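Predicted model only: the values in this text are computed from it and were never measured.
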Amino acid sequence: MPTGAESTVDPEAMGKAGSLELETAALRILNGANVGSMTFEAGNGGPVRLQATEVMEFGGVDRLGNPVIVFSDTLGEGNGDNLRIETPRLILRDGAQISVGTFGAGDGGNLEILATEAIVLSGSVPATEGGFFFTDESGMVFPTGIFAASTQTGNAGTMQLETGELMLGDRAIISASGESTGVAGNMEIVARQILVNNAAIAAETVQGDQANIFIESRDIRLRNQGGITTNASGSGTGGNIAIATDTLVAVENSDITANSSASFGGRVAIAAQGILGTDFRTEITPQSDITATSELGAEFSGSVTINTPDVNPSTGLVQLPEMLVQARDNYFVGCALSDENSFTISGRGGLPTDPTQPLQTQPIWHDLRNFFQELEEEPVTLAPPGTPSSENSSPRLKEATGWRQNSQGTIELITAIPEGSISFSGLRSPDCQPIE
């Protein structure tokens with residue numbers, strides 16, 4: 001017998017199982033141990049409540065290869081009760097499973113998990129004989145997972161997960177399913193971020209109804225054949241998927257599907273600010289798809305509704321000409337060099353540095369004169385009262401009309417135009433003729 005803590009109603013008993021509560025700082029259930037409540041016949045199961053203020057970790061197998069299981073299940077006519085888990089971080093690995101399942105005529109209980117920081121699921125182990133564990137599609141593997149399931153005529157309960165980050169990897173699964181005529185459970189997930197990498201969030205049914213998924217998250221990422229599915233493999237209608245998110249990214253053949261093989265497809269409704277890597281398609285492809293199809297034909301297909309902001313990607317774009325103009329066609333012949341033309345590059349503001357040459361720093365001019373010293377050497381004297389102001393007595397400034405070179409080689413601006421000086425009386429036109 002595996003180690004654990006259980007509250008059960010044994011076969012042929014009629015009573016109700018008692019409640020099971022564990023409250024601690026850190027709760028670790030390891031190496032195939034089990035904790036939960038189960039009823040085998042007419043008696044009802046009892047509620048299970050686990051609370052840890054730091055962390056919960058479930059993982060490892062026993063000597064027979066059985067993984068850890070935390071459960072509130074029913075195997076007979078009695079109903080299962082609810083399972084509630086509260087912790088900042090919940091970690092499941094090595095095939096560990098959390099289950100609110102019905103394996104008989106009784107209804108399963110509801111599952112509620114509140115993990116304020118994160119829920120992390122990863123890994124799987126080879127399946128063993130015996131025990132009430134869930135396998136993958138091959139039946140050869142116990143995947144790490146959280147399950148609300150019905151395998152017979154009883155109805156499965158609902159699953160509610162609320163967390164900061166929800167991370168699934170390495171074939172882990174979160175599942176609400178119905179394998180027979182019993183109604184499959186619904187799944188509600190609220191998380192700040194969801195990452196599904198080679199794993200699945202699935203609500204599947206064979207003949208029953210429901211198997212719906214409701215997800216609210218800022219950021220959803222599906223990678224490496226990650227999936228969100230509500231498929232129906234029998235006569236049941238495909239379930240519904242409703243997603244509200246800011247960003248949805250699905251790449252590497254990751255699908256969102258509400259398909260049916262022998263009935264009507266379900267409905268997929270996505271409201272997002274942005275969707276990347278995936279799109280609606282009428283059938284499953286090697287790409288990342290969003291589908292709600294039926295193998296009976298297009299008239300049995302479900303519906304896909306995708307709501308994103310109305311953004312016109314062509315807004316602000318300029319229509320380019322069909323024939324681009326070559327840059328070499330846009331040059332003009334200037335004046336001949338013999339007409340005394342010149343072109344000077346002086347300091348900053350000229351042509352840019354040749355990009356094929358090493359960068360060279362350019363000196364920045366600084367005025368090193370000491371204006372304060374000049375003011376001290378030339379004190380200001382005030383004119384006596386009644387004396388005309390210097391503004392009125394100084395000659396008026398005149399506009400320079402030419403320039404000349406004095407005997408020291410310095411250029412001077414002048415108002416008169418002596419013989420031999422340069423005048424600005426006219427501009428040259430492109431044909432090098434003076435403008436009068």
Side-chain angles (χ1 to χ4, degrees), residues 32 34 58-62 64-71 73 90-103 108 111 113 119-152 156 159 161 166-180 182 184-185 187 189 194-208 211 213 222-234 236 238-239 241 250 252-261 284 286 288-289 291:
N34 55 52
F58 308 153
V61 298
D62 63 13
L64 299 178
N66 296 319
V68 170
I69 183 169
V70 175
F71 59 92
D73 295 335
L90 176 61
I91 301 172
L92 278 72
R93 56 180 174 81
D94 305 329
Q97 298 184 354
I98 297 175
S99 167
V100 284
T102 169
F103 301 88
L111 172 63
I113 298 178
I119 298 175
V120 182
L121 290 79
S122 64
S124 60
V125 296
T128 59
E129 296 183 0
F132 299 97
F133 300 100
F134 295 93
T135 65
D136 67 353
E137 295 179 354
S138 69
M140 303 298 292
V141 170
F142 291 150
T144 300
I146 301 174
F147 301 88
S150 169
T151 63
Q152 299 296 327
M159 180 191 304
L161 309 181
L166 176 60
M167 293 176 281
L168 287 80
D170 193 16
R171 305 177 69 178
I173 187 171
I174 296 177
S175 173
S177 63
E179 299 180 10
S180 185
M187 184 189 308
I189 298 176
I194 297 175
L195 174 60
V196 181
N197 186 352
N198 189 27
I201 297 174
E204 301 182 351
T205 184
V206 176
Q207 301 180 44
I213 297 177
L222 309 180
R223 295 193 56 195
N224 192 19
Q225 300 183 15
I228 299 176
T229 64
T230 57
N231 299 334
S233 58
I241 299 175
E252 302 165 341
N253 194 18
S254 298
D255 301 325
I256 299 175
T257 62
N259 302 334
S260 176
S261 60
I284 293 293
S288 296
D289 311 313
T291 62

Counting distance only, does the side-chain N/O of Gln97 pair as donor-acceptor with the main-chain N or O of Phe134 below 3.5 Å? yes

Identify the heavy atoms of Ala156 and Ala149 that sit nearest to each other, and give their distance. CB-C, 3.6 Å

All pairs passing salt bridge (charged side-chain N to carboxylate O under 4.0 Å, His left out) where residues 123-135 contributes a residue, at least two apart: none

Indicate the atoms forming the closest heavy-atom contact of Leu111 with Phe147, along with that distance. CD2-O, 4.5 Å

Check ring pair (Phe, Tyr, Trp, His ring centres under 6.0 Å) between Phe142 and all other residues, then give those that pass, not counting sequence neighbours. Phe133

Do Asp255 and Thr229 meet the criterion of a side-chain donor-acceptor pair at a distance under 3.5 Å? no

Between Asp289 and Thr291, is there a donor-acceptor pair closer than 3.5 Å when you use the side chain of the first and the backbone of the second? no

Is it the case that the side chains of Asp170 and Ser122 hold a donor-acceptor pair, with the cut-off being a distance below 3.5 Å and no angle test? no

Using side-chain heavy atoms (C-beta onward) and a distance below 4.5 Å, is Ile113 in contact with Ile146? yes

Student check: side-chain heavy atoms of Ile213 and Ile228 closer than 4.5 Å: yes

Looking at Asn197 and Gly169, would you say the former's side chain and the latter's main chain have a donor-acceptor pair under 3.5 Å? no

For residues Asn66 and Asn34, determine if any side-chain heavy atom of one lies less than 4.5 Å from a side-chain heavy atom of the other. no

What distance do Ile69 atom CD1 and Ser99 atom OG have between them, rounded to the nearest 0.5 Å? 5.0 Å

Note, Ile189 side chain near Ile201 side chain (heavy atom, < 4.5 Å): yes

At their closest point, which heavy atom of Ala184 faces which heavy atom of Ser177, and how far apart are they? CB-C, 3.5 Å

Between Gly139 and Ala127, what is the shortest heavy-atom contact and its length? O-CB, 3.8 Å

Check whether any side-chain heavy atom of Val196 sits under 4.5 Å from a side-chain heavy atom of Leu222, and report yes or no. yes

Option from Leu121, Leu92, Asp94 for which side-chain contact (heavy atoms from CB on, under 4.5 Å) with Phe58 holds: Leu92

Does a side-chain heavy-atom distance below 4.5 Å link Ile174 with Met159? yes

Could you tell me whether the side chain of Thr102 reaches within less than 4.5 Å of the side chain of Asp73, counting heavy atoms only? no

In this structure, CG of Leu64 is separated from OG1 of Thr128 (nearest 0.5 Å) by 7.5 Å

For residues 131-147, pull every pair meeting side chain to side chain donor-acceptor pair (under 3.5 Å), keeping only residues two or more places apart or in separate chains. Asp136-Ser138, Asp136-Arg171

Can you give me the closest heavy-atom contact between Glu252 and Ser288, atom names plus distance? N-OG, 3.7 Å

For Ala258 and Thr230, work out which heavy atoms get closest and say how close. CB-OG1, 3.3 Å

Between Ser254 (side chain only) and Gly226 (backbone N and O only), is there a donor and an acceptor less than 3.5 Å apart? yes

Apply the test side-chain contact (heavy atoms from CB on, under 4.5 Å) to residues Leu90 and Ile98: give CA-CA distance (whole Å), side-chain angles for both, the deciding distance (0.1 Å), then the verdict. CA-CA 11 Å; Leu90 176 61; Ile98 297 175; 4.1 Å; yes

